Protein chains: 2
Amino acid sequence: MALDRDQVVDAAWHILRSYGLGDLSMRRLARELGVQPGALYWHVANKQELLSVLAQRMVAPLTGSGGSPAQIIGAFREMVLAVRDGADVVSVAHALDPEGMQPAPLLTSALVRSGRDPQDAATTALTLVRFALGAVTAQQTRESMDLPTATMAAEFEAGVRAILA
Amino acid sequence: MALDRDQVVDAAWHILRSYGLGDLSMRRLARELGVQPGALYWHVANKQELLSVLAQRMVAPLTGSGGSPAQIIGAFREMVLAVRDGADVVSVAHALDPEGMQPAPLLTSALVRSGRDPQDAATTALTLVRFALGAVTAQQTRESMDLPTATMAAEFEAGVRAILA
DNA sequence: ACCTGAACACCGTTCAAGT
DNA sequence: ACCTGAACACCGTTCAAGT
């Protein structure tokens, strides 16, 4: 039975969650799947493409979930924070498609529903996402070095309140 | 004449500015300096320490420069944006010492001067820095892939206004 | 004090050749 | 269609030994 793309992505997902981005090499992934490194390039174009797929998977549960802007950006933070080096992976995907990648479109429509005009809603959504990615990047860097992060959830909430005020 | 720490840091600074983080390897740095890779470890503990020093150097011109909170965070953005992969380098330094690393302390006192209580000032400073790092990370990722960034300066200004409102 | 030589344990990617 | 084998051009770090 031949390898397929889903098996590659699933194995990559498992390594990322369990050991972090530092351990997610194409060679390590190939070893885990019992193939030669070159075999992976039949199923994915390169490592970057693989990481994009993992970023989509990380924020997938968000799509379709309602809530206020504060709830949406809070849920986004939780999902990214739950995956080791999640912020690094999602940041690239956000940069490639800032308006299309979740949670931006979800936030924009929630902000319009709450009474903002579309222009302001779109910009505020970008501000929230970039702040969240900056905050989670800082927290995950500290976690990877066993530094304390006790105040960072409150700092995040305060930042979101300031942006939405 | 023996190598010293400053020569190592200067050469690293030059590689970072000219070619980016992807080209700043300890081996490439050693080659540029005409020594074996191992020689570098007499002058710096490891690559991480070297990157911390480069982060300090990037934001050094900020110290002592006055201005409003909006001006300070704007100047910070310019400095980080001016160095290839600057946001990646500065993000780690910020995570290690969020309150001590510039521009946080500068922002906090400017915010106190403008009438905020110290608690609120400190948290707002962190929000501004994390948003700025998130925004510059997105922009530099796009620049590295030759994607357009025309709207990103305005998005940054709008974000700063929202946070400071 | 400062550096070399050499090693250890790795990377991402390509591509002719095999099945 | 899918994979192996082998290569290309690299990494960060350590450390005995040399000067």
Side-chain angles (χ1 to χ4, degrees), chain A residues 1-55 84-85 88-93 95-96 140-141 144-146, chain B residues 1-55 84-85 88-93 95-96 140-141 144-146:
Chain A
M1 54 312 199
L3 198 60
D4 69 2
R5 196 182 213 260
D6 282 346
Q7 285 176 75
V8 173
V9 173
D10 285 348
W13 178 246
H14 179 253
I15 294 175
L16 181 66
R17 290 196 66 99
S18 311
Y19 309 101
L21 201 52
D23 283 57
L24 179 47
S25 66
M26 297 302 271
R27 285 170 179 276
R28 163 85 181 263
L29 181 54
R31 209 184 316 130
E32 218 100 322
L33 288 164
V35 296
Q36 296 298 314
L40 300 177
Y41 292 85
W42 185 263
H43 302 283
V44 294
N46 49 43
K47 189 175 180 178
Q48 177 86 262
E49 192 202 77
L50 184 57
L51 293 178
S52 280
V53 175
L54 295 179
R84 286 243 251 283
D85 303 309
D88 287 344
V89 176
V90 172
S91 288
V92 176
L96 289 177
Q140 291 184 324
T141 299
S144 75
M145 293 164 160
D146 289 307
Chain B
M1 58 307 200
L3 198 62
D4 68 3
R5 197 184 214 261
D6 282 346
Q7 287 177 73
V8 172
V9 173
D10 286 349
W13 178 247
H14 179 253
I15 294 174
L16 182 65
R17 288 196 67 99
S18 311
Y19 309 102
L21 200 53
D23 284 57
L24 178 47
S25 68
M26 297 300 273
R27 286 171 179 276
R28 162 86 180 263
L29 181 53
R31 210 184 315 130
E32 218 100 320
L33 288 164
V35 296
Q36 295 298 314
L40 299 176
Y41 291 85
W42 185 263
H43 302 285
V44 295
N46 49 45
K47 189 174 181 179
Q48 176 86 260
E49 192 202 77
L50 184 57
L51 293 178
S52 281
V53 174
L54 295 179
R84 284 242 253 284
D85 303 309
D88 287 345
V89 176
V90 171
S91 288
V92 176
L96 290 176
Q140 291 183 325
T141 299
S144 75
M145 290 163 163
D146 289 306

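None of the values given here were measured: they were computed from a predicted structure.
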Whole angstrom value for the distance that separates C1' of D:dT4 from CG of A:Leu33:
15 Å
Where is the tightest heavy-atom contact between B:Leu3 and B:His43, given as atom of each residue plus distance?
O-CE1, 3.1 Å
In whole Å, what is the span from the NZ atom of B:Lys47 to the C1' atom of C:dC11?
12 Å
Using the side-chain heavy atoms of A:Ala2, tell me which of these nucleotides is nearest: C:dG12, D:dC2, D:dC11.
D:dC2
If you measure from the P atom in D:dC10 to the same atom in C:dA9, how many Å do you get, rounded?
23 Å
Closest approach to the side chain of B:Ser25, judged atom by atom: which nucleotide of C:dG12, D:dG5, D:dC11 is it?
D:dC11
Got a second to check how far A:Arg31's CZ is from A:Leu29's CG, nearest 0.5 Å?
10.0 Å
Rounded to the nearest Å, what distance is computed from the CZ atom of residue A:Arg28 to the C1' atom of nucleotide C:dC11?
14 Å
Determine which nucleotide pairs with D:dT14, using a 3.5 Å limit on both distances of a Watson-Crick or G-U wobble pair.
C:dA6
Please name the nucleotide paired to D:dA1 by Watson-Crick or G-U wobble geometry with both distances under 3.5 Å, or report none.
C:dT19
Correct closest heavy-atom pair for A:Leu33 and A:Leu40 would be CD1-CD2, 3.9 Å
Does the A:Arg84 side chain pair with the main chain of A:Ser18, one donor and one acceptor, at a distance under 3.5 Å?
yes
So, does A:Ser144 use its side chain to make a donor-acceptor pair with the main chain of A:Thr141 at under 3.5 Å?
yes
Selection from C:dT13, C:dT4, D:dG12 that lies nearest to any side-chain heavy atom of B:Ala39:
C:dT4
Would you say a side-chain N or O of B:Gln36 is under 4.0 Å from OP1 or OP2 of C:dC3?
no
Can you find a side chain N or O atom of B:Trp42 that sits less than 4.0 Å from OP1 or OP2 on C:dC3?
no
Taking D:dT13, D:dA7, C:dT4 as options, the one with an atom nearest any side-chain atom of B:Tyr41 is D:dT13
Rounded off to whole Å, could you give me the CG-to-C1' distance for the B:Asp4 and C:dC3 pair?
14 Å
Starting at CG of B:Leu24 and ending at C1' of D:dG12, how long is that distance when rounded to a whole Å?
12 Å
Out of C:dT4, D:dT13, C:dT13, which nucleotide sits closest to the side chain of A:Met26?
C:dT13
To the nearest angstrom, the CG-P distance between B:Leu40 and C:dC3 comes to 9 Å
Picking from C:dC11, C:dC8, C:dG12, the nucleotide nearest the side-chain atoms of B:Arg27 would be C:dC8
Closest of C:dG12, D:dC3, C:dC3 to the A:Leu3 side chain is D:dC3
Using atom CZ of A:Arg5 as one end and atom P of D:dC2 as the other, report the distance to the nearest whole Å.
13 Å
Strictly below 4.0 Å: does B:His43 bring a side-chain N or O up to OP1 or OP2 of C:dC3?
yes
Stepwise side chain to side chain contact (heavy atoms under 4.5 Å, CB included) test for A:Val92 and A:Leu51:
CA-CA 9 Å; A:Val92 176; A:Leu51 293 178; over 6 Å; no
Roughly, in whole Å, what's the span from CG in A:Asn46 to P in C:dT13?
5 Å
